[in-house]
Amino acid sequence: MEAQSSSGLLPRKRRREGSNGETDEGERLVKIPRCTVGLKHPAPFADELEPADNKPYQRVSMEEALRGTPLERPVRVYADGIFDVFHSGHARALMQAKCLFPNTHLIVGVCSDDLTHKYKGFTVMNEDERYDAVTHCRYVDEVVRNAPWTLTPEFLAKHRIDFVAHDDIPYSSAGSDDVYKHIKDAGMFAPTQRTEGISTSDIITRIVRDYDVYVRRNLQRGYTAKELNVSFINEKKYHLQERVDKVKRKVRDVEEKSKEFVQKVEEKSIDLIQKWEEKSREFIGNFLQMFGPEGALKHMLKEGKGRMLQAISPRHSPSSSPTHEERSPSPTFRLPFFTKTSLSPSPLPHHSGSYSTSMLELS
């Protein structure tokens, strides 16, 4: 895999789903620039290509392949398989084969239905579907239909194959402990790594394990019971289960909404209680400030009482009042018809003396 690192591709972990349902996701070591590298056409089939030149077939050694070959002479790498239910594990294996050397022409062999059913078992996709799936993989340069189960020297020479790429686990089949043993002995084997957690068998196992779920799913999507090979009784059972599940989902939604409503009401009530407590404290504080023992009302009453007493009580005389001698003389009041001459002594009758005396006192 040294060539893979030299080609500029960086390793990336595949998203794996653990037993607890959590996902472990790796990250690229560095960011790569944006570019458009998608291909516009699928890979051609080998039997549709023009025949190769008439030059004799001469393999490239591992050292020459790793060092790099001319553009007109790429290293021809062959990878074969069933590729049923084509998935990311298949694509990553072909990517590794494509990146083995700096200049690689990847040839992918896909076995027919007859060979696959004979040596491995029944497939989900037929051979034409599997051929077509591989041609649309971006790493593939050429597809060989009806590939042999065991590689013969004639087949290797016909397709001018330099190396065969496959994972290094011994593949026992067709009465052999390892169908790639003679390739390894010839120094033509280039190992790749399997992607853990994903395979065609794993996908089929998931479907079989959740068979009822997928049958109900397809019945909802319009497939008939006959197409799904489901009996009349099971069809009615699945429809009944679907209705029950709908009711359960509605009940669950109502429960969730009611929980949310209760939670909101509790939050609102807590807020109201807190605001009520704050207002109560404020009201009590204001009441005590106004009507308490030392409140503003008491001071106002005291002040008002003092003003009322001051208003209704007489004014006190000054403590040091002037004496009779210190008082200013009062103005003399004289009657206009009395003069000094009239006050002169003259004999008066006895009864008028008292009058004159009283008038003098008034003066």
Side-chain angles (χ1 to χ4, degrees), residues 1-14 29 32 37 39 43-46 49 51-83 88-111 134-135 137-145 147-174 176-196:
M1 300 303 293
E2 297 176 356
Q4 180 175 349
S5 59
S6 63
S7 63
L9 292 176
L10 299 173
R12 180 179 63 180
K13 294 182 181 179
R14 193 185 64 82
L29 299 180
I32 60 174
V37 296
L39 302 178
F45 294 110
L49 294 174
D53 52 23
N54 296 325
K55 293 181 181 179
Y57 166 62
Q58 185 176 0
R59 285 189 57 248
V60 177
S61 64
M62 181 66 73
E63 292 77 11
E64 292 173 342
L66 291 174
R67 188 166 54 246
T69 58
L71 292 176
E72 66 275 6
R73 177 57 175 95
V75 180
R76 296 175 66 84
V77 178
Y78 177 81
D80 59 358
I82 310 302
F83 302 106
S88 62
H90 295 142
R92 292 183 66 82
L94 298 178
M95 179 190 70
Q96 294 179 61
K98 179 69 175 179
C99 298
L100 284 171
F101 308 108
N103 185 18
T104 303
H105 181 86
L106 180 59
I107 308 167
V108 180
V110 183
C111 298
V134 174
T135 60
C137 179
R138 64 186 301 175
Y139 311 110
V140 179
D141 298 304
E142 184 180 338
V143 177
V144 177
R145 293 181 283 197
W149 199 261
T150 302
L151 301 179
T152 61
E154 294 76 18
F155 180 83
L156 298 174
K158 175 183 177 181
H159 294 279
R160 299 174 176 267
I161 296 172
D162 297 313
F163 296 97
V164 177
H166 200 273
D167 62 82
D168 202 16
I169 301 174
Y171 193 85
S172 59
S173 181
S176 174
D177 294 335
D178 189 1
V179 295
Y180 297 104
K181 185 177 183 306
H182 62 289
I183 302 296
K184 296 176 182 178
D185 295 340
M188 298 177 63
F189 189 79
T192 59
Q193 294 181 354
R194 293 178 64 90
T195 302
E196 297 180 1

Going by heavy atoms in the side chains, are [X] and [Y] under 4.5 Å from each other?
X: Asp80; Y: Ile107; result: no
X: Phe101; Y: Glu64; result: no
X: Val144; Y: Phe155; result: yes

- Message: Apply side-chain contact (heavy atoms from CB on, under 4.5 Å) to residues Leu106 and Leu94 and explain how you reach the verdict.
- Response: CA-CA 8 Å; Leu106 180 59; Leu94 298 178; 4.2 Å; yes

Closest approach of [X] to [Y] (non-hydrogen atoms, all atoms of both residues):
X: Val108; Y: Val134; answer: CG1-CG1, 3.7 Å
X: Gly109; Y: Tyr78; answer: CA-OH, 3.4 Å
X: Thr69; Y: Ala65; answer: CG2-CA, 4.4 Å
X: Ala190; Y: Leu100; answer: CB-CD1, 3.6 Å
X: Glu142; Y: Ala43; answer: N-CB, 4.1 Å
X: Ala97; Y: Ala165; answer: CB-CB, 3.7 Å

Could you check whether [X] makes a cation-pi contact with [Y], meaning its NZ or CZ is under 6.0 Å from the centre of the six-membered ring and within 45° of the ring axis?
X: Arg145; Y: Phe45; value: yes
X: Lys184; Y: Phe189; value: yes
X: Arg76; Y: Tyr57; value: no

- In sequence, state the C-alpha distance, the side-chain angles, and the governing distance for Tyr180 and Asp167, and then conclude on side chain to side chain donor-acceptor pair (under 3.5 Å). CA-CA 10 Å; Tyr180 297 104; Asp167 62 82; over 6 Å; no

So, the side chain of [X] versus the backbone of [Y]: is there a donor-acceptor pair under 3.5 Å, distance only?
X: Gln96; Y: Gln193; result: yes
X: Asp162; Y: Met188; result: no
X: Lys98; Y: Thr104; result: yes
X: Ser176; Y: Asp178; result: yes

- His166 and Tyr171 aromatic ring geometry - parallel, tilted or perpendicular at 30°/60° bounds: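 Ring orientation, 0 to 90° scale: perpendicular.
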
- Exceeds 12 heavy-atom contacts within 6.0 angstrom, atom CZ of Arg194: no

- Is the count of non-hydrogen atoms from other residues, nucleotides or ligands lying under 6.0 Å from Asp177 atom CG greater than 12?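 Not more than 12 within 6.0 Å, no.
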
- Taking it one step at a time, do Val143 and Val110 satisfy side-chain contact (heavy atoms from CB on, under 4.5 Å)? CA-CA 7 Å; Val143 177; Val110 183; 4.2 Å; yes

- Note on the structure: The reported gap from CZ in Arg67 to CG in Asn103 (rounded to nearest 0.5 angstrom) is 13.5 Å

- Output the distance between atom OG (Ser172) and atom NZ (Lys181), rounded to the nearest 0.5 Å.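 Nearest 0.5 Å value for the OG-NZ distance: 14.5 Å.
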
- Task: Can you spot which of Thr152, Thr150, Leu151 makes a side-chain contact (heavy atoms from CB on, under 4.5 Å) with Pro148?
- Result: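 Filter result, single survivor: Leu151.
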
